[in-house]
Each structure stands twice: as structure tokens, then as C-alpha cells.
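Data first, discussion second: the structure below is written as C-alpha cells.
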2 protein chains.
Amino acid sequence: MRRMTARPENTHQARLLRLLRDNGSNSRAQLGDLVDLSRSKLAVEVDRLLETGLVVADGLAPSRGGRRSHNIRLAPTLRFLGVDIGATSIDVAVTNAELEVLGHLNQPMDVREGPVAVFEQVLAMAAKLRASGLAEGFDGAGIGVPGPVRFPEGVPVAPPIMPGWDGFPVREALSQELGCPVMVDNDVNLMAMGEMHAGVARSVGDFLCVKIGTGIGCGIVVGGEVYRGTTGSAGDIGHIQVEPEGRACVCGNRGCLEAHFSGAALAADAEQAAREGRSAHLAARLETVERLTAEDVSAAAAAGDPVALELIRAGGKRLGQVIAGLVSFFNPGLVVIGGGVTGLGHTLLASVRTQVYRQSLPLATGNLPIVLGELGPAAGAIGAARLISDHVFSPA
Amino acid sequence: MRRMTARPENTHQARLLRLLRDNGSNSRAQLGDLVDLSRSKLAVEVDRLLETGLVVADGLAPSRGGRRSHNIRLAPTLRFLGVDIGATSIDVAVTNAELEVLGHLNQPMDVREGPVAVFEQVLAMAAKLRASGLAEGFDGAGIGVPGPVRFPEGVPVAPPIMPGWDGFPVREALSQELGCPVMVDNDVNLMAMGEMHAGVARSVGDFLCVKIGTGIGCGIVVGGEVYRGTTGSAGDIGHIQVEPEGRACVCGNRGCLEAHFSGAALAADAEQAAREGRSAHLAARLETVERLTAEDVSAAAAAGDPVALELIRAGGKRLGQVIAGLVSFFNPGLVVIGGGVTGLGHTLLASVRTQVYRQSLPLATGNLPIVLGELGPAAGAIGAARLISDHVFSPA
DNA sequence: CTTCTTTCTCCACATGCAGGACAAAGTTTG
DNA sequence: CAAACTTTGTCCTGCATGTGGAGAAAGAAG
């Protein structure tokens, strides 16, 4: 079960591994252009990487006007596991060393069932992916949980929506079970990493990634690195006050953003509208299902239901207020909006944009794109794979 | 005029220079404990630094149980100039290489008089300090301006309260005049650097530094480094909305924090209270001066005037609302409050604290000190010296 | 006064790396 | 098709740098 994946011996090797991860197969000559090492040094390091098995030869590159160069690539047998535990579902993906998703499973599950039950499920899903021939074992696993994490130890801390998880040694436990290195992070941070690696945020140094799911969170990226804050709770914007005497929130305060707009709040608003007969569309839907969800609102909006559209617009305005403040404060180069309710799509986006561009100063918004995430439900799992690959591809 | 200050040749030397700057005179042996270099290597680098003249011998250290070690220190003739241009006044300080303030001048001046007039004043003040024998020349100068700056070029960009400064080549011009390296930054960022170097924020990696002056700004420090944002406008929190249909602000919006609480807003509120006869204390003051200032409010509060106290409390609440949001988002390890109106002191602080601790989640506020700055009016100038010393003490 | 500790210098040795020479493999030109 | 030029990869030498030990210098402890 346990795989002894080699680790790079120095920063040069780590650099090369990451280049190969991000740019795919590459010729030795091309690598030479990228890394500013002498030919001899480069040859030595590449040879050592080939010896460790992390890297393998991959045929000849096309000629660039002279002798053809030898291609190398990351070992095609390397596998990373990306796990994204949401409030109501679990995503598990297998990737190769280039972080391309080879297989992806999604399973509904309430995180409140506790770490033991969730773990069982995650392991079962991982086993299923392995059984389907996608992987023989894993060289590393990243896992995201919907709450703050003490990052160095990989342990959730005081997660409001995850009773029973406080202090559970997620990293240690999963590492034991899978027999490979594991890193744990907040799900929102992983979404940000995913979008940074393979999504809209490629080549942006400083950006925000707002995730609207059951709750609302925000990933913060500073200089290409996720910023986690002093206690790992940075980006917890769900409980910023948007209405001085607003709705009561589960956190005990009033007027929190999450209480006014989030997957949960949207569903509640929709149900109320349906019951009060304000929306025929939503009422009809409520006849067939027990409880409405954010997806129902999204469907109603797509069908042109005015009440649903208004709910989304009002929510976008609230969200926009908060984002406007964050933009003034943080002056990001990009704002990404993602998460389960991306289905709300452009209605939401338009509403957020209007609010931000109106409220923030021109210097901060001047060239500020506000866009939807590109990776959809896979963002978290890809980010998780990226997290662990950064770890595995760094000197031991 | 031009002084050719030597620069370190490599990162080891830079490291040593900064240690000497931050810890003062030090024995070679002690440095050896701090830097993890072999004795021989350390000796070589120190010798080279002695050759350049950046570092000089400084007698013998007390014995640590054996042969006494030779002390070294930064050259006592090194001088940095720290300039802090506020909206209504200019601070100029001369420091030695350890960034101890040797001389400090303050001069009222409206920044709106434009870069040329302000420059003249700054140069006159620098000349005065030099004439008083504190410095023969400067080895570097840092300068802070009350608006966003394109940091790499050292040029203000679209500063709302500094008409005429947009695009003015501050760095270039000052460097020409003084004949030494110059760095330019936002005044709030420099205050943060000052408090980090010599104030309350020593040894804190991630913190916020809120400056309340004519306007309101916030310095952001991430991992010991100032974060400036994509266009250099990070920390511009004065125009975050605190009241949906609040007061009109100079920026064109309504309900901005600055419109409700800042040096300017406070003065305006106080005048109104005085005119309406709500405060005998403030009214009396208004008889002797033409316009009230934040200092007058501060004095009235110190004398127990209930209206002044209430103004401060209300302002603190507004400020607290915004800071609470930022704390949730950024999860800092410390919040420093400073700026001209620090005289408002503990009344303001109490009000802010109440609001933040009430509104933010326990995980973020659990161990979060909210304190007043320690350096008072010198913070900006010290931060400016620190900025340029970081530059001078880095490899060329 | 002797012994031990600490500091500092000097030196021999190892290591690591750059850069040139050269061979191998292709392309282009006449 | 041959000659000339380009690019790539390997080998090797020389230089630079840094490590760690030996030993001298300076002081503390007994």
C-alpha cells in the first residue's frame, strides 16, 4: 500500500518538477532556457531526477534548427488524490502528475455526520477510483474541509458547520490510511488554488476567490500564495454585517452576509416566496419536492421567474456591498466567483459588478475583472491536488 | 553632495547588516550564533563589510566565559532621512543606521500646495537638520505621501487629496536633489513599517495598521512585508460604505467611513455641535479659533465634555464596524490604531474594541489585541527610514 | 599557576559549478 | 550529395567557495 515517492533533493530539482507539472512534457533544451542554470548543472540535476524515477524520458523533441533534444516528463504513473469535502457533498478526483483529472466522483453527504463517517466515504470513493484502474496507489493527497484549518498541523479548528471535527487529526489519519503525504486546507483556499493553477486566475498574483455554497467564504491569494491568516480563519466573510438590524444568524449576531445571501438563505427565501404565493414557478416546484434548494432558484431564474430573479439580484447586491469593501481594502487584480450556486450565473454577476463598480474607487476597480470560476465543481479537487503536489515537489 | 554608500555584495552581508540595524552593536561571536554560517565564512564576510566601511569595529564585548569577542557596529556616520508628508503637515527626521531618531522637525503645510512647494519645504527642513550638525549627507531617504503610490517607480497615482501630484516623479526628483537612493510609499504603509520596526508590532507577522488623520487608511502587513495591492491602492478603507444612505462624501458616493468619521468629519461635527449650542466646551473653544479641529474634540473629551465623548464613541463604533469586517476577512494577529487623532485615545479604542469583539467571530478575535500605536507622530518618519534602509541593506 | 573555555585565524581539503572543447545529430545551402 | 552551419549533449579542467580541524590568543575558574 505504502508508496515511497521520491522527493527532490534541492530547490533546482523542485523548480524543474514544477515546470514539468505546469508546462507538461518538455525538452531538456527548453528547460535550460527557462531555469538559468549552466548546461552541465542542468544535465546533472535532470539525470538525478531520472534516477529517482520522478521523471522519465519521453522521446525526442522536434528540431529547433539543429540536433533534436530529448524530451522528459513527470513519471506517468504518479497519482495525486484531490478531496473536496463540502457541507453537503464530497468530491474526489484522481490526477496525474500534471494535475489533469483522470477520474472524478461526487457523492452527496452531510458533513455533520462527523469525521469517521465522512472518512469512510472518502476512502471508499478513493478505493473505487483505484479499482477502476486509474491508480495503483497515491503519491499524495490534498483534502479540503468547509471550515478553518490549522494549516501546519492539518487539523480543523472550531468549525461552526462541522460539529465533531474540531481537533480531529485529518492529516495524520488520512496519511495513515492512504500511506502517502497529505495536506489539509480550507475548501475555499483550495478552490482559489484550483483557479490559479488551471482556471481563470492563471498568471494573476493577487486575487480573491469568493465561494458561494451553503455558506460564503473567500480565498485570498497574495503574490501567488494562499494567505491563511493568523489562526487560519482568513477569508471568513460570511459573517460580515451587511444590515445593522438584519436577520438573525446562526452565529448569534444579526445581519450577517450569510444570513441574507448564501445557498441556505436563498433556499429559505424561495420557500417563503412559494408559500406566500408570490411565485407560481417556485410553488409548483415545492409541490414535487420537500425542500427547495439554491438550484431550484437557479432553474426558476433561467425560466424567467421574476421572483427568483429578484432574489438573485438582491443577493448579488448584498454580496457586491461586501466585495466592494474588500476590493477597496485589498486592491486585488481579479475577483473570481464560484461555488455551488454558479448556476445563478450572469444575473448574479451583473448585480455584483454593478455594486462593486459603483461603490469602490476607480483606481481599485479601473482594470478589475470580476468573473465566474472556470472549473466548476472540480475546482476544489484540482486545488487539493495542486496543494499536495506543491508539497511533494519541494525538498524534503 | 553625492555620497557613494557601499552596498552589500550578497545576501549574507545584507542579513548581517539588518541584524546590526535591528539589534545594535553586536559581537562577532553572537552574530555567529544568529546566522548559521561557518566561522570562517562569517569572518570573511565581516572583513569585507569592514573594508566597505559600512561596518566598523566597536571595542571588545564582555566575556562569555572565555576569550572576549570583538564588537562590530554599523558605521556611526551613516544617516537616513525619513520624510512623512501628511495632508496638513510635514515630518522630517534624521536617523542613524540603527534607525534611532537623532533629530525631528515638524512643519504645518497643506499638501495641496503642490509638489514643487512641498519639495522646497522638505529640502529646507533636511538642510536645516544637516546644518545643525546631525548629518553631513544622507545615505538614503524614505518618503511617504498621503495617497496611493506606484511603488516600483516611486510615483503617486491619482491621489484624490493631492491635486497636482499625479505622476510627479517623487523618487527621481528627490534622489537627484539629495544625491542618494530614495524610496516612496504611502504614508500609512510607512506608519505600519514604523510600528513593525520599533513599535507595538515588533515580532508580529500579519497585522493591520489603521491611521486616522484627515482621512482614514490602513496599512496591511503580510508575513512581515507590506502588501500594496495590484495598483498600490490597498488599504484604502476610507471609502468603504458604513451607512447605505449616509452622508455625501467627496468621492461622490454616500455613507463612506471617511464622511462619518475622520479628522475632517470630527471637526465638522464638533463645529456643528458648538453652533447648535449642544456643547458649552466646544462653543467656548470656537470663540477663540476660527475652525475647530480633531485636537479640539480630543481636548474637550479629556475635559469630560459629554458631546465630544459621544462624537468619539459614535465614530469608534463606525470604525469598529469596518475593522470588524476586515478582521473577519484578514484574520490579523494585531490591529494598531494610530494617526493624528491618537489623542482621542482610550475612549476611541474602547468603542472600537466593543464593536469588533461583538461583531467578529471568536476564532478571529480570540487572541486579537487592538492597541494604539506606540510611536506617535514619528511612526511615519521611522517607517520611511526603515523602508530605505531595507533597500540600502540589500544586494545591489 | 594550571586547566578549561571561548574566540579567532589559518590552512588543507572537498565540493560544486561554470565554461570551453568536442562529439553527435539535424538543417540549410550550393 | 557534400559542405557548412546550428543545436544539443557530454566530458573535463580550472576556479571559487565553503567546511572543518588545528592551533594560537585571550580570558575565566579553581
Side-chain angles (χ1 to χ4, degrees), chain A residues 6-17 19-20 23-75 394-396, chain B residues 6-20 23-74 394-396:
Chain A
R7 294 279 288 276
E9 296 158 8
N10 56 45
T11 51
H12 299 309
Q13 292 185 14
R15 175 100 190 279
L16 291 171
L17 291 173
L19 278 172
L20 290 171
N23 301 343
S25 177
N26 225 321
S27 75
R28 298 164 90 109
Q30 224 168 350
L31 286 175
D33 297 344
L34 294 171
V35 293
D36 192 42
L37 290 176
S38 68
R39 281 193 306 285
S40 14
K41 175 81 177 145
L42 178 66
V44 169
E45 298 297 357
V46 169
D47 285 348
R48 287 194 192 142
L49 284 174
L50 286 166
E51 267 175 41
T52 66
L54 280 171
V55 156
V56 298
D58 189 36
L60 288 170
S63 164
R64 297 198 296 182
R67 173 174 173 177
R68 295 168 65 190
S69 182
H70 291 271
N71 275 336
I72 55 175
R73 58 169 297 189
L74 291 169
S394 66
Chain B
R7 293 279 288 276
E9 296 158 6
N10 57 44
T11 52
H12 299 309
Q13 293 185 15
R15 177 101 190 280
L16 291 171
L17 291 173
R18 290 174 194 199
L19 278 172
L20 289 172
N23 301 342
S25 177
N26 224 321
S27 74
R28 298 163 91 110
Q30 224 170 349
L31 285 175
D33 297 344
L34 294 170
V35 293
D36 192 43
L37 290 175
S38 69
R39 280 190 307 283
S40 6
K41 175 81 176 145
L42 178 66
V44 169
E45 297 298 357
V46 169
D47 284 348
R48 288 195 191 140
L49 284 175
L50 286 167
E51 268 176 42
T52 65
L54 281 172
V55 157
V56 298
D58 189 36
L60 288 170
S63 164
R64 296 198 296 181
R67 174 176 172 175
R68 296 167 63 190
S69 182
H70 291 269
N71 274 337
I72 56 175
R73 59 168 297 189
L74 290 168
S394 66

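Atoms considered below: every heavy atom in the structure, side chains included; atoms not considered: hydrogens, waters and symmetry mates. Proteins get letters first, then strands, A, B, ... in listed order; numbering begins at 1 in each.
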Let me know the distance between [atom1] of [X] and [atom2] of [N], rounded to the nearest Å.
| X | N | atom1 | atom2 | answer |
| --- | --- | --- | --- | --- |
| A/Glu9 | C/dC17 | CD | C1' | 16 Å |
| B/Lys41 | D/dG21 | NZ | C1' | 19 Å |
| A/Leu50 | D/dG9 | CG | C1' | 13 Å |
| B/Leu42 | D/dT17 | CG | C1' | 15 Å |
| B/His12 | D/dT17 | NE2 | C1' | 10 Å |

Over all heavy atoms of both residues, which pair between [X] and [Y] is shortest? Give the atoms and the distance, please.
| X | Y | answer |
| --- | --- | --- |
| B/Leu16 | B/Glu45 | CD1-CB, 4.1 Å |
| A/Ser69 | A/Ala29 | OG-N, 3.3 Å |
| A/Ala61 | A/Ser27 | CB-CB, 3.8 Å |
| A/Leu17 | A/Leu54 | CD1-CD1, 3.9 Å |
| B/Leu20 | B/Ile72 | CD2-O, 3.8 Å |
| B/Thr52 | B/Ala6 | CB-CB, 3.8 Å |

Measuring from the side chain of A/Ser63 (C-beta onward, heavy atoms only), which nucleotide among C/dT27, C/dC17, D/dA28 has the closest atom?
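Among C/dT27, C/dC17, D/dA28, the one nearest the side chain of A/Ser63 is C/dT27.
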Closer than 4.0 angstrom, basic N to acidic O: yes or no for A/Arg28 and A/Asp47?
yes
5'-most contact on DNA chain C (nearest-nucleotide basis), A/Leu60 vs A/Glu45, goes to A/Glu45
Do nucleotides 1-13 of chain C as a string where each nucleotide becomes B, S or -: B if the base has a protein heavy atom under 4.0 Å, S if just the sugar-phosphate does, - if no protein is that close.
----BBBBS----
For the helix from C/dC1-D/dG30 to C/dG30-D/dC1, what angle lies between the axis at the first five pairs and the axis at the last five pairs, to 10 degrees?
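The angle separating the two end axes equals 10°.
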Are the side chain of A/Gln30 and the backbone of A/Asn26 linked by a donor-acceptor contact shorter than 3.5 Å?
no
Under 3.5 Å, is there a donor-acceptor pair between the side chain of A/Arg7 and the main chain of A/Ser394?
yes
Can you check whether A/Ser38 has a side-chain N or O nearer than 4.0 Å to OP1 or OP2 of C/dA18?
yes
